[in-house]
Amino acid sequence: MKPFSMTLTLALATVLLAAACEPKVLIEAPREPIVINLNIKLDMEVRHMIEKTAKEDIKGNPDIF
């Protein structure tokens, strides 16, 4: 009877250890709001506008340079 009892105890211990090591996944909302920085878009828009104006000025005054 002792080998059966020992095997049963070992099997029970293995199951408990395996259950204790099971990974846990939590999904939580962020505590701080999400911030999207739009400075790049504005910078590109201003740069495009300046380049367009510069090209028009060069076409209007070809002897400027």
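Atoms considered below: every heavy atom in the structure, side chains included; atoms not considered: hydrogens, waters and symmetry mates.
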Would you say that more than 12 heavy atoms from the other residues, nucleotides or ligands in this model lie under 6.0 Å from the CG of L26, or not?
yes
My understanding is that only residues two or more places apart in sequence, or in another chain, count here; which of them pass side-chain contact (heavy atoms from CB on, under 4.5 Å) with I27?
none
With rounding to the nearest 0.5 angstrom, report the CG to NZ distance, D57 to K52.
12.0 Å
